[in-house]
There are 2 protein chains.
Amino acid sequence: MSKSTPATIEDVARLAEVSIATVSRAIHTPEKVAKETRLKVTQAIAITGYTTNAMARSLRLGRSNMILVVAPDIGDPNFSNILVGLENEARSHGYGVLIGHTQNDPQRGLEYLKFLNSNQAAGMILFTGILPFGHQTMTARLPPSVGVFEPVYNGGIPYVGVDDAAGARKAIDLLIAEGHRRIAFIGESRTRLAHARRKAGYEDGLSAARLELDPRLVMPGDGTIESGRLAVEQLFMRDTLPSAFMCVNDQTAIGVMLALTARGYSIPGDFSVTGFDDVPQASFMNPTLTTIRQPRTAIGKQAMALLFKLLQDEKPEETEILLAPDLVVRNSVGGSARAAEALTHGHRRRHPLCARCRADGSLL
Amino acid sequence: MSKSTPATIEDVARLAEVSIATVSRAIHTPEKVAKETRLKVTQAIAITGYTTNAMARSLRLGRSNMILVVAPDIGDPNFSNILVGLENEARSHGYGVLIGHTQNDPQRGLEYLKFLNSNQAAGMILFTGILPFGHQTMTARLPPSVGVFEPVYNGGIPYVGVDDAAGARKAIDLLIAEGHRRIAFIGESRTRLAHARRKAGYEDGLSAARLELDPRLVMPGDGTIESGRLAVEQLFMRDTLPSAFMCVNDQTAIGVMLALTARGYSIPGDFSVTGFDDVPQASFMNPTLTTIRQPRTAIGKQAMALLFKLLQDEKPEETEILLAPDLVVRNSVGGSARAAEALTHGHRRRHPLCARCRADGSLL
DNA sequence: AGGAGTGATGTAAAGGTTTACATTCACGTC
DNA sequence: GACGTGAATGTAAACCTTTACATCACTCCT
């Protein structure tokens with residue numbers, strides 16, 4: 001008969017010949033119950049196979065043991081490893097992880113908001129640069145939340161991620177060390193904080209090397225493959241080209257490389273390219289991509305840990321935790337002292353769209 | 001004052017001047033409530049911003065609105081898109097998706113079992129070939145479950161996935177059409193059902209073309225990159241090589257290609273390779289990988305739909321739903337009529353480990 | 001010896017919902 | 001005009017915990 005319906009605390013109490021209050025105490029505050037009684041209860045639990053009914057517990061406590069993780073796109077290659085870190089840490093606290101993807105649709109964001117309002121989640125992890133709900137006044141109702149991977153634009157929400165500026169700095173330092181002087185930054189954005197920070201690293205690197213920033217080499221982009229492609233096309237339209245492309249992320253770098261190879265250029269022979277993130281594909285591309293590694297699992301773990309601090313009402317001392325990025329050197333960056341010198345117009349081969357090339361046909 | 005604490009059904013009832021029972025009915029069985037009353041309730045809900053407390057509801061109903069998705073590895077490239085399909089379908093039924101990854105550790109599997117026993121999940125999706133819990137007798141207690149991507153070995157659990165045999169058949173038919181006669185199968189496994197089915201497709205294809213299966217060309221493997229690498233090394237040890245490698249999945253194919261290129265062979269010039277799954281990397285490799293595409297999002301969607309059928313106590317008419325696979329032709333397969341004919345020993349270049357090559361040094 | 005203090009346990013309320021059962025009312029039928 | 005029928009609504013129990021408060025039995029102090 002105990003098979004059909006799960007054992008309740010009452011079954012345990014009856015078997016251990018104590019009251020249900022004692023059973024509850026034996027579980028949650030064992031020090032308040034006599035050793036002997038504790039033993040009886042433990043045995044009764046083992047016999048009945050009792051597990052606390054999480055629903056009843058959450059109802060009573062007014063707080064669930066779930067954390068909602070919201071991402072615009074679950075398929076994002078950066079997402080899964082962060083999720084691993086999040087899940088591990090949550091589970092070690094006895095919490096479960098609920099996932100939601102908004103596909104950047106505010107309507108869907110609102111549906112998840114309902115999850116929160118109905119007490120189904122005690123806290124929230126945001127894997128997105130902006131709050132996924134339209135501008136509801138409900139902001140006041142938001143449970144403790146932590147942003148990961150990209151700072152949350154609307155502010156006020158603590159954030160755990162990589163040190164974007166430091167990472168970008170490592171990339172540009174490498175390019176400069178390899179002899180590059182004309183380095184483009186692909187993927188400027190006013191609304192994406194991570195982009196802005198990476199660009200800051202780019203600027204720092206240039207000025208540390210006493211190189212002047214050529215604003216014509218700074219291209220906007222939203223971090224998609226397409227944006228990388230587009231940036232290259234536009235640079236080719238104009239009459240100067242860089243010898244290296246520092247991309248705001250790996251997706252952008254993929255787009256840049258596709259555009260360059262489509263035009264018949266070789267990497268790193270003709271141009272060097274760097275990315276940011278170290279997505280799984282980075283080591284399978286041709287050439288393999290030199291990039292900045294995100295400590296993804298660590299980000300997830302720390303973000304969840306911070307969230308638990310918030311849940312315990314501890315005001316966090318820091319509102320932002322920045323992890324150290326690593327430079328991963330692969331094959332998309334070449335020593336280009338020669339390339340840089342051989343260049344006249346900023347590119348190496350003659351190409352039809354460049355006005356100067358057409359003017360003097362001399363360039364190979 | 002309604003700000004501090006979420007509105008309850010009682011607040012709504014008071015405002016609408018009805019009993020809480022009527023409010024509940026107005027929400028869940030509106031046809032049982034007079035039109036006029038229904039209107040009053042609807043307005044009261046809008047004013048108070050009431051949302052049903054999911055905890056209380058689940059407690060009362062004895063069933064939650066969560067589905068647990070268990071995977072050995074969240075980071076699996078196949079996982080994320082399936083998850084998208086699962087999540088979309090679940091949410092459209094008002095259910096949330098809870099995720100767990102076991103890392104193939106039965107201990108962790110058991111922790112999730114507790115989730116189930118405590119009524120936190122109404123059903124389960126298994127993204128794994130074997131039940132993630134040790135051999136507990138608890139099997140009887142398992143909630144409605146559906147396997148995805150790989151049939152569940154322990155049996156009895158309905159399954160939604162791609163038609164492995166048909167997919168494999170498409171791959172081998174392509175290879176045969178391209179002129180290959182000696183085709184290896186890399187990744188045989190006794191415990192993994194998906195592997196067995198793909199091998200069955202391989203066998204069918206061979207016999208349909210009246211080709212004899214050479215058992216020396218069937219290599220075991222667990223579907224990892226390393227297993228692909230190892231298989232190639234072992235084939236090189238022996239004195240016959242295939243002209244094409246049909247791999248049980250993309251990971252294996254990656255391993256095979258790495259091993260072949262490390263030995264200086266070109267693909268598809270010297271050897272052809274096919275994969276299975278069409279993981280995201282497949283289109284970024286060099287050469288890009290010809291493979292079989294998994295309809296991942298569709299698998300997720302249909303699996304979740306099937307699970308909801310089970311939850312509604314409908315005995316499912318079919319215990320297995322197989323989706324049609326697509327062949328994705330890329331660059332890792334070459335017309336190898338010439339290669340096949342030029343071969344003496346089954347490989348094209350002379351290589352030091354082959355006894356025959358060493359014996360007659362003639363082969364280029 | 002009486003009482004304060006302490007430690008262990010029990011009693012009962014509360015948390016928000018759903019729903020079986022009871023009640024009320026209006027209507028139509030004989 | 002009494003009564004059965006059916007629709008609309010209300011009452012109250014049940015789901016399973018947690019915990020404030022009450023109770024009880026000690027020990028120790030004065």
Side-chain angles (χ1 to χ4, degrees), chain A residues 2 4-42 44-45 48-66 94 114-120 122, chain B residues 2 4-42 44-45 48-66 94 114-120 122:
Chain A
S2 73
S4 60
T5 212
T8 75
I9 201 172
E10 217 150 344
D11 299 330
V12 177
R14 206 174 312 122
L15 191 60
E17 298 177 305
V18 295
S19 76
I20 60 169
T22 303
V23 174
S24 180
R25 276 189 288 255
I27 294 171
H28 300 290
T29 51
E31 71 279 5
K32 286 192 181 172
V33 68
K35 197 188 254 179
E36 196 187 347
T37 320
R38 206 158 53 205
L39 190 68
K40 278 196 298 184
V41 172
T42 318
I45 289 178
T48 54
Y50 170 74
T51 359
T52 320
N53 180 317
M55 293 316 167
R57 175 159 221 263
S58 298
L59 174 59
R60 179 61 233 249
L61 261 40
R63 160 174 52 89
S64 88
N65 62 149
M66 295 282 152
K114 275 186 192 152
F115 260 131
L116 297 172
N117 282 344
S118 63
N119 272 328
Q120 293 217 66
Chain B
S2 73
S4 61
T5 212
T8 75
I9 201 172
E10 218 150 343
D11 299 330
V12 177
R14 205 174 314 126
L15 192 59
E17 297 177 304
V18 296
S19 75
I20 60 169
T22 303
V23 175
S24 179
R25 274 189 288 255
I27 294 171
H28 301 290
T29 51
E31 71 279 5
K32 289 191 180 173
V33 160
K35 197 188 256 179
E36 197 187 347
T37 320
R38 206 157 53 206
L39 190 68
K40 279 195 297 179
V41 172
T42 318
I45 288 178
T48 54
Y50 169 75
T51 359
T52 316
N53 180 317
M55 294 314 167
R57 173 159 222 262
S58 300
L59 173 60
R60 179 61 234 248
L61 262 40
R63 160 174 52 89
S64 87
N65 62 148
M66 296 283 151
K114 276 187 190 152
F115 261 130
L116 297 172
N117 282 343
S118 63
N119 271 328
Q120 293 217 67

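Scope of the values below: all heavy atoms of this structure, side chains included, with no hydrogens, waters or symmetry mates. Throughout, protein chains are lettered first and strands after them, A, B, ... in sequence-line order, and every chain is numbered starting at 1.
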Inset, instruction - Rounded off to whole Å, could you give me the CZ-to-C1' distance for the R38(A) and dG7(C) pair? - result: 13 Å
Inset, instruction - Spell out, as yes or no, whether a donor-acceptor pair under 3.5 Å connects the side chain of S58(B) to the backbone of M55(B). - result: no
Inset, instruction - Dump the intermediate steps for side-chain contact (heavy atoms from CB on, under 4.5 Å) on V41(A) and Y50(A), then the final yes or no. - result: CA-CA 11 Å; V41(A) 172; Y50(A) 170 74; over 6 Å; no
Inset, instruction - Could you walk me through whether L15(A) and V12(A) pass the side-chain contact (heavy atoms from CB on, under 4.5 Å) test, one step at a time? - result: CA-CA 5 Å; L15(A) 191 60; V12(A) 177; 5.9 Å; no
Inset, instruction - To the nearest Å, give me how far apart CD (E10(B)) and C1' (dG15(C)) are. - result: 11 Å
Inset, instruction - State, yes or no, whether a side-chain contact exists between L59(B) and N53(A) at a heavy-atom distance under 4.5 Å. - result: yes
Inset, instruction - Verify the neighbour count for atom CZ of R38(A): are there more than 12 heavy atoms of other residues, nucleotides or ligands below 6.0 Å? - result: yes
Legend entry - Atom-to-atom span, NZ of K32(B) to P of dT19(C) - whole angstrom: 9 Å
Legend entry - S24(A) side-chain N/O to I20(A) backbone N/O, donor-acceptor pair under 3.5 Å: no
Legend entry - chain B contact limits on DNA chain D, taken 5' to 3' with a cut-off of 4.0 angstrom to heavy atoms: dA8(D) to dC16(D)
Inset, instruction - Scan A21(A) against the nucleic acid and name what it touches under 4.0 Å (heavy atoms): base, sugar-phosphate only, or nothing. - result: base
Legend entry - Between dT17(C) (P) and I27(B) (CD1): distance, integer Å: 8 Å
Inset, instruction - Describe the nucleic acid contact of S24(B) in one word from base, sugar-phosphate, nothing, applying a heavy-atom distance below 4.0 Å. - result: base
Inset, instruction - Check whether more than 12 heavy atoms from other residues, nucleotides or ligands sit under 6.0 Å from atom CD of E36(A), and answer yes or no. - result: no
Legend entry - Atom-to-atom span, CZ of R25(A) to P of dG7(C) - whole angstrom: 14 Å
Inset, instruction - For DNA chain C, determine which residues of residues 51-63 of chain A have any heavy atom closer than 4.0 angstrom to one of its atoms, and list them numerically. - result: A56(A), L59(A), R60(A)
Inset, instruction - Would you check if V33(A) and V18(A) make a side-chain contact, meaning some heavy-atom pair closer than 4.5 Å? - result: no
